[in-house]
Asker: 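Input: one structure, supplied below.
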Amino acid sequence: MDIVTIVQILDSTLRLATPLLFACLAGIISERAGIFDIGLEGKLLIAAFFSAAYAHYSGSAWIGLGAGVLASVVFSLFHGIASITFRGNQLISGVAINFLASGMTVVIAQSWFRQGGRTPSLTGDQRFPSLDLPGAEAVQGVPVIGQIYGEILTDHGILVYVGLLCVPLTWYVLYRTRFGLRLRAVGENPAAVDTAGVSVVRMRYAAIVIAGVLCGIGGAYLSTSLAAGFVREMSAGRGFIALAAMIFAKWRPWQGLGAVLLFGMLEAIANRFPNLDLGFITLPSQFMTALPYILTVIILAGFVGKAIPPRAGGEPYVKER
Amino acid sequence: MKLTRKFLGATAVLALTTGAALADPALIYDMGGKFDRSFNEMAFTGATRWAEETGGEFRDIELQSEAQREQAIRRFAESGYNPVVMTGFSMATPLEVVAADYPDTTFVIIDGVVDLPNVRSVIFSEQEGSYLVGLLAGMATETDNVSFVGGMDVPLIRAFACGYAQGAVAANEEVNVIVNYTGTTPAAWNDPVRGSEITAAQISQGSDVVFAAAGGTGVGVLQRAVDDGILSIGVDSNQNYLHPGQVLTSMMKRVDNAVYSAFESGPGMETGLHVMDLAAGGVGWADDEHNAELISDEMRAAVSSAQEAIAAGELAVHDYRSDSSCPISVE
Amino acid sequence: MSSKRMPKWADVLLVPILSLIIAFALSALVILAIGEDPVRAMRLMITGALGSTYGWGYTLYFTTNFLLTGLGVSIAFQARLFNIGGEGQALIGGLGVALVCLFIPWPHWSLAIIAAIAASAIFGAVWAAIPAYLQAKRGSHIVITTIMFNFIAFSLMNYMLSHVLRPPTSMDPATARFDNVLRLPRLHDILAPMGIDFSRAGPANVMLFVALLACVLAYFLMWRTRLGFEIRAFGKSEPAAHYAGISGVKIIMVAMLISGALSGMMAVNSVMGGPQRLVMNAVEGAGFIGIAVALMGRSHPIGIIAPALLFGFLFQGGSELALETTIPREMIIIIQALVIMFTGALDNMVRTPLETLFALMRRRT
Amino acid sequence: MVAEVTGGAAAKAAPAIELRGISKAFGPVQANKDINIKVNKGTIHGIIGENGAGKSTMMSILYGFYKADSGEILIDGKPTQITDSQAAISAGIGMVFQHFKLVENFTVLENVILGAEDSERLMPSLNRARKLLTELAAEYELNVDPDALIETLSVGHQQRVEILKALYREANILILDEPTGVLTPAEADHLFRILRGLKEQGKTIILITHKLREIMDVTDEVSVMRRGEMVATVNTAETSPTELAELMVGRKVLLEVEKTPAKPGEVVLSARGLKVVDEFGVERLRSIDLDIRAGEILGVAGVAGNGQSALLEALAGMAAATGEVKMNGEPLDLTLKHSDAGTRRERGVSHVHEDRHRCGLILDFMAWENIAFGYHNAPEYNKNKLLMDNHAILEDAKGKFERFDVRPPNPMLTAESFSGGNQQKIVLAREIERNPDLLLVGQPTRGVDIGAIEFIHKQLIALRDQGKAILLVSVELDEILSLSDRIVVMFDGRIMGERDPETTNAQDLGLMMAGMTGDVA
């Protein structure tokens with residue numbers, strides 16, 4: 001594999017990892033607060049649709065982003081009403097949200113655009129512009145740095161950088177702020193938070209709204225930056241890969257970045273080499289596609305570093321003595 | 001028992017008469033959907049043209065899943081639509097079964113062959129059209145690298161690739177042809193993101209003209225080409241308008257004509273194998289106001305002489321499907 | 001607590017029916033919002049799914065799928081295991097059916113169906129066994145592992161169909177058609193000797209009766225056998241089951257194996273009974289609809305029959321809808337989502353006011 | 001000495017807390033009925049009552065967990081609305097719950113500041129808390145490592161963190177709910193020293209307990225609750241344990257159960273070197289030697305959490321153990337690789353689990369199904385190899401309900417629709433009527449009404465008189481003293497010694513429960 005190929009794959013990795021990153025951080029925030037979120041996929045999808053639709057109507061990717069985030073937050077609130085207010089099963093609610101998104105996007109898209117469940121192609125300002133990092137041009141000749149900074153890191157849609165910035169931000173919020181302390185506590189022992197005079201319900205709603213916003217940005221990136229418009233089922237399981245990445249990272253943001261980069265790279269490799277010839281074995285692209293899931297099962301099985309979820313995760317909080 | 005029989009019998013009759021008036025034509029799109037800007041959309045265009053010209057009505061349906069193929073064909077046949085036209089080679093197997101059950105209905109399959117008396121099988125000489133656009137690509141490239149993004153990796157798509165490669169090399173012996181396919185399942189027809197990433201990879205390998213024969217996936221290919229400032233070539237329908245001035249040309253596969261002619265001829269049409277080649281106007285290249293600036297007179301002359309040679313049988317473009325091989329590797 | 005506050009019939013019937021009504025009402029709003037007429041839509045669905053033996057043939061065909069996947073989800077639910085992997089188990093079950101039908105020259109369909117049922121059940125059970133084992137022995141969350149296994153199954157089938165099982169001459173990622181001897185008798189063939197004229201087209205076949213039989217057998221399993229007793233006890237209280245000497249590992253394994261086997265068996269219908277060859281995505285989401293069916297049927301083997309029929313109707317009616325209106329087929333996914341939401345996650349929203357109502361009524365009398 | 005503190009100026013000022021006419025009902029259950037109480041500033045006020053007397057409901061109302069149906073709360077003489085925990089904290093109330101409300105994988109500091117952080121950034125709060133902790137440690141013997149993770153701390157230390165949390169929030173009124181249930185006597189004494197120190201600083205302390213000794217030792221005043229009502233408030237110095245006990249139960253306590261002397265027979269079960277290590281690697285049982293004979297009740301006394309549960313579960317086949325245990329002379333498989341609770345039943349061991357809600361019953365099952373629970377493999381409950389005989393089980397359940405006076409006598413109801421006492425009777429009927437050689441009984445009368453207690457005690461004696469062996473584990477010393485023929489005391493996973501109930505008393509047992517072995521007979 002020559003250097004150009006590697007650079008290209010890493011370049012592609014960064015793009016493909018970005019929607020995973022947003023969803024993964026969303027999952028981390030939500031699950032750290034004790035709300036299991038298998039509806040990441042649905043939120044990505046609904047956000048992707050509304051972003052593309054409103055970017056098309058308004059001519060501005062930013063307005064599209066707003067619409068996508070709003071849609072994703074609304075879905076988050078459904079999840080909240082079911083699993084926080086009515087103490088329903090968070091997993092079932094998540095499943096329902098995924099189906100709701102899958103059905104709604106096509107039904108609405110068909111009704112609005114009559115193009116078989118897709119939006120018209122987006123052009124110009126309807127999509128996010130690429131951002132050339134300062135000095136990227138200048139360092140292109142320099143070995144290593146030139147390739148990393150001048151070729152891999154630069155010239156991506158602006159949301160790629162937003163995503164990367166969200167990693168330290170999430171870390172800081174979780175571990176260095178009052179909000180983060182309470183959020184983590186609410187996922188470990190909500191009773192402790194409740195008796196400390198902090199509303200568990202409010203904390204959990206705050207967490208899922210943030211998760212909604214992050215998924216919303218991820219979805220907007222999918223349809224208005226990575227692609228140029230919405231097509232049905234365009235999230236294509238990315239929400240679940242993000243879920244896998246979250247488990248892989250054991251619910252920690254920096255490790256989450258690592259996991260999505262790994263999974264993004266697997267996708268990039270599968271795109272580049274439908275049949276990856278390793279000399280002694282040829283791996284079909286299907287294997288690469290399945291690899292994130294296989295790796296996650298191995299992690300879940302606890303053979304390689306046990307993944308312990310937040311202790312109060314999945315359980316509705318019922319006040320008791 | 002008698003009552004049941006009467007009741008069920010009555011409803012069965014009802015079923016046959018619900019829906020539209022008898023003998024309206026119907027159209028079934030393959031996965032990828034009616035608005036894939038490509039293959040299926042071409043079929044829709046043909047049907048619409050027929051409807052507009054004749055004032056007739058037709059019914060159409062998009063498949064959401066592999067498993068629905070047989071039901072879709074049956075549904076139209078059962079309700080008395082005639083002829084029933086369908087696009088895509090994947091329809092061949094289910095059609096074989098259903099066509100036998102409805103001998104009074106005429107079926108048309110595009111891109112597939114079903115050997116039954118009530119089926120018209122329409123196939124195209126994609127390699128010939130691809131040769132022409134390959135020729136243009138070979139002349140347009142400045143890096144001596146052109147590329148191809150196929151949809152599902154099947155002999156049909158390899159025939160596109162093979163024709164394209166032959167054309168490109170014919171124009172410029174130095175040209176290197178980079179070939180990739182999106183996948184091995186029908187999902188490959190509808191994955192613009194993957195199409196875009198594959199194109200990005202090809203661009204990093206030096207390609208400056210990319211030909212997408214990948215249905216809906218091609219939208220992503222063309223978009224990436226525009227984003228990165230290289231030329232692209234559309235497929236099936238005329239896609240020049242998608243990005244005016246940036247799409248070199250489109251390899252036209254006149255599915256619209258096939259559908260139009262089937263609708264036009266009606267149930268009594270001549271069945272059997274119909275080959276739509278360059279000579280018959282089945283395939284060709286798009287030359288319009290959107291790409292006028294990109295096509296030099298020299299290019300136009302080269303293409304038209306090749307076109308004449310092929311039509312006259314003087315120039316044989318190798319068909320990958322004939323021996324599962326290609327003089328230029330399209331693996 | 002719930003059982004004390006409400007009569008059993010209300011719990012079993014009223015709550016799911018009310019949830020269903022809410023789900024339907026919201027779906028009607030969606031239909032209105034996209035500028036269509038919900039009443040007309042409903043009428044079209046009824047004519048399309050139930051107005052002819054042709055429609056019935058498909059409705060019952062889909063019902064068969066949902067009976068088996070719904071039953072699979074139910075058995076796991078009874079052991080408090082959320083087997084979200086019915087889709088993957090059914091996909092792999094289809095592989096079992098295809099192998100049995102393609103590579104063994106059966107003299108008669110009746111032998112082949114037995115072998116196919118066995119093979120699909122084994123394949124489905126094996127696919128459920130790994131998540132089950134990981135849950136039982138390593139405590140890995142079964143919901144997450146079964147989701148992962150759905151995707152792995154999808155990739156595996158994708159590979160098998162495009163690289164291994166596809167006949168060399170075919171471009172379609174599907175197996176060859178099975179021998180005509182293996183064609184399962186359809187309702188047309190079964191009812192014709194009784195003098196009933198049933199549409200030849202509908203693919204509903206003997207598997208419908210197998211599925212119904214499976215429901216009855218599952219009822220006996222759950223309510224008349226020791227194993228059923230143990231599964232239900234484990235599902236209600238894990239520590240209590242341990243106290244009673246019921247092995248958690250055994251129950252998790254057995255319940256998931258049965259669940260996977262039932263989901264896998266669904267493939268006999270959708271592969272051998274339908275297109276008579278294995279195509280991509282032969283399951284068409286039936287594994288997920290099984291969740292809705294189980295939730296509505298309160299995970300009761302007999303209780304799921306009505307919701308399975310309902311979803312069979314929706315599935316068939318929905319495809320007719322797409323033909324006659326601008327409402328896409330995906331409308332039924334919305335209905336499915338709402339049913340799951342209201343009968344599963346928002347159960348308390350429906351239940352709590354009802355309980356209050358019953359309490360008020362009781363106080364008055 | 002105590003009375004001096006109570007009198008004088010403190011008593012005349014407005015009470016720290018006053019409840020007026022507080023009532024709270026949960027459905028048909030009246031948990032609190034017209035509660036009136038005054039707690040004076042700078043005192044330790046005990047609240048005593050049986051399980052289910054309404055103590056905890058009252059405290060939950062005070063801490064904003066429940067809203068009272070009627071009544072009024074006054075803090076420092078001012079009517080105060082306590083709508084949630086935040087309001088309680090603002091009113092200066094700190095609560096130490098029986099089950100600690102700590103985040104296990106947070107540090108002590110993080111737990112202390114949680115919910116009371118000074119600013120959006122954590123650092124300043126953490127630094128301030130660290131300083132305060134050092135001060136408090138010196139002042140009140142409240143020393144804990146501020147950076148230790150909660151899960152690494154002992155129970156006593158965790159409780160100190162709870163107190164520190166309250167003090168960090170500048171609580172003036174500290175409520176402790178059953179604080180010594182999980183403590184050793186030494187730890188409890190330490191706690192009481194802390195409480196006295198806090199009182200001297202002017203804090204008001206409410207101590208909820210059902211242990212008379214603690215009330216007598218540390219409180220200034222005591223209020224007694226019974227069946228949701230506040231029946232009396234008295235000066236501790238002016239009352240006696242007997243009087244309090246009477247007030248608690250509403251009649252003379254039946255300390256003695258009528259029974260004839262035991263006629264011990266053969267050894268039914270003998271254990272040597274029995275050890276249990278739990279899933280976290282903690283040694284729960286440290287080499288127990290034990291013999292139980294036919295026709296006797298062996299009582300196991302001890303503070304909760306000293307290995308009694310592990311002992312029961314090891315013998316019942318619920319927890320793996322090492323060592324040697326013989327049942328009727330035959331060894332038992334303790335590894336549980338070849339046996340479980342079911343095979344143990346086949347060997348003649350029946351088990352009334354100490355937690356009937358979690359283990360003893362399946363609350364969602366119908367009562368008749370619960371009758372077969374654990375014995376569902378028994379031949380009389382099965383028609384053949386495949387099918388159970390539900391009719392036979394139902395008939396059997398009807399008989400059992402009659403003999404054990406279960407009310408209502410309808411086995412078609414779900415188990416959860418029965419009262420605590422009747423649920424326990426269902427469990428006992430199931431386990432006793434299997435005619436076991438050995439009956440393991442944990443906390444037989446926990447959460448059971450007085451009438452049922454008597455009935456249950458009689459049943460246990462009757463089983464003993466049939467020549468069966470009974471191992472009785474209870475945290476109620478009275479129960480142990482009145483039922484047992486021999487008593488062993490457990491502490492920290494060990495047996496501290498054996499006593500004859502005729503010659504021992506609560507003090508003697510209490511010493512051993514605290515781990516003091518000076519006078520082993």
Asker: Please examine the side chains of A:Ile81 and C:Leu346, heavy atoms only from C-beta on, and report whether any two atoms are closer than 4.5 Å.
Answerer: yes

Asker: With rounding to the nearest 0.5 Å, note down the distance linking CZ in C:Phe151 to OG1 in A:Thr289.
Answerer: 11.5 Å

Asker: Could you pull out all donor-acceptor pairs under 3.5 Å where a side-chain atom in residues 99-107 of chain A meets a protein atom, sequence neighbours excluded?
Answerer:
| unit_1 | atom_1 | unit_2 | atom_2 | d |
| --- | --- | --- | --- | --- |
| A:Ser102 | OG | A:Glu233 | OE2 | 2.6 |
| A:Thr105 | OG1 | A:Ala101 | O | 2.8 |
| A:Thr105 | OG1 | A:Ser102 | O | 3.2 |

Asker: Hey, could you give me the CD1/CG distance between A:Ile294 and C:Leu156, rounded to the nearest 0.5 Å?
Answerer: 9.0 Å

Asker: Side chains of A:Gln286 and C:Met160, heavy atoms from C-beta outward: is any pair under 4.5 Å?
Answerer: no

Asker: So which atom in C:Ser140 and which in A:Ala301 form the shortest heavy-atom distance, rounded to 0.1 Å?
Answerer: OG-CA, 3.4 Å

Asker: Tell me, side chain or backbone of A:Ile38 under 4.5 Å from chain C's heavy atoms, or both, or neither?
Answerer: side chain

Asker: Checking C:Tyr133 against chain A: side chain, backbone, both or neither under 4.5 Å from a heavy atom?
Answerer: neither

Asker: Shorter than 4.5 Å, heavy atoms on both sides: which option in C:Gly285, C:Gly344, C:Ala345, C:Ser162 has the most such pairs with chain A?
Answerer: C:Ala345

Asker: Show, in sequence, the C-alpha distance, side-chain angles and deciding distance for A:Val95 and C:Phe288, and conclude whether the side-chain contact (heavy atoms from CB on, under 4.5 Å) test is met.
Answerer: CA-CA 9 Å; A:Val95 169; C:Phe288 297 120; 5.5 Å; no

Asker: Can you tell me how far the CD1 atom of A:Ile298 sits from the CG atom of C:Leu134, to the nearest 0.5 Å?
Answerer: 10.0 Å

Asker: What pair of heavy atoms forms the shortest contact from A:Phe86 to C:Asn348, and how long is it?
Answerer: O-ND2, 2.7 Å

Asker: Could you look at A:Phe287 and say if it's the side chain, the backbone, both or neither that has a heavy atom under 4.5 Å from chain C?
Answerer: neither

Asker: Under a 4.5 Å cut-off applied to non-hydrogen side-chain atoms, are A:Phe36 and C:Val143 in contact?
Answerer: no

Asker: If you measure from CE on C:Met341 to NE2 on A:His79, what distance do you get to the nearest 0.5 Å?
Answerer: 8.0 Å

Asker: Is C:Ile327 close to chain A through its backbone or its side chain, or both, or neither, when contacts mean heavy atoms under 4.5 Å?
Answerer: neither

Asker: Against chain C, work out which of A:Pro292, A:Ser285, A:Ser111, A:Gly117 has the most heavy-atom pairs shorter than 4.5 Å and name it.
Answerer: A:Ser111

Asker: Do any of residues 238-247 of chain A have a heavy atom less than 4.5 Å from a heavy atom of chain C, and if so, which, in residue order?
Answerer: A:Phe240, A:Leu243, A:Ala244, A:Ile247

Asker: Heavy-atom cut-off 4.5 Å, strictly under: side chain, backbone, both or neither for C:Asp347 against chain A?
Answerer: neither

Asker: Got a second to check how far C:Thr343's OG1 is from A:Ile92's CD1, nearest 0.5 Å?
Answerer: 7.5 Å

Asker: Could you list which of residues 41-53 of chain A have a heavy atom closer than 4.5 Å to any heavy atom of chain C, in residue-number order?
Answerer: none

Asker: What part of C:Ile335 gets closer than 4.5 Å to chain A, counting heavy atoms only: side chain, backbone, both or neither?
Answerer: neither

Asker: Where on C:Ile84 is there a heavy atom nearer than 4.5 Å to chain A: the side chain, the backbone, both, or neither?
Answerer: side chain

Asker: Can you tell me which portion of A:Ser83 sits under 4.5 Å from chain C's heavy atoms? Options are side chain, backbone, both or neither.
Answerer: neither

Asker: With respect to chain A, which residue among C:Glu330, C:His141, C:His163, C:Gln135 yields the maximal number of heavy-atom pairs within a distance under 4.5 Å?
Answerer: C:Glu330

Asker: Which of residues 21-37 of chain C get closer than 4.5 angstrom to chain A, counting heavy atoms alone?
Answerer: C:Val30, C:Ile34

Asker: Kindly compute the distance separating CD1 (C:Ile152) from CG (A:Leu291), expressed to the nearest 0.5 Å.
Answerer: 9.5 Å

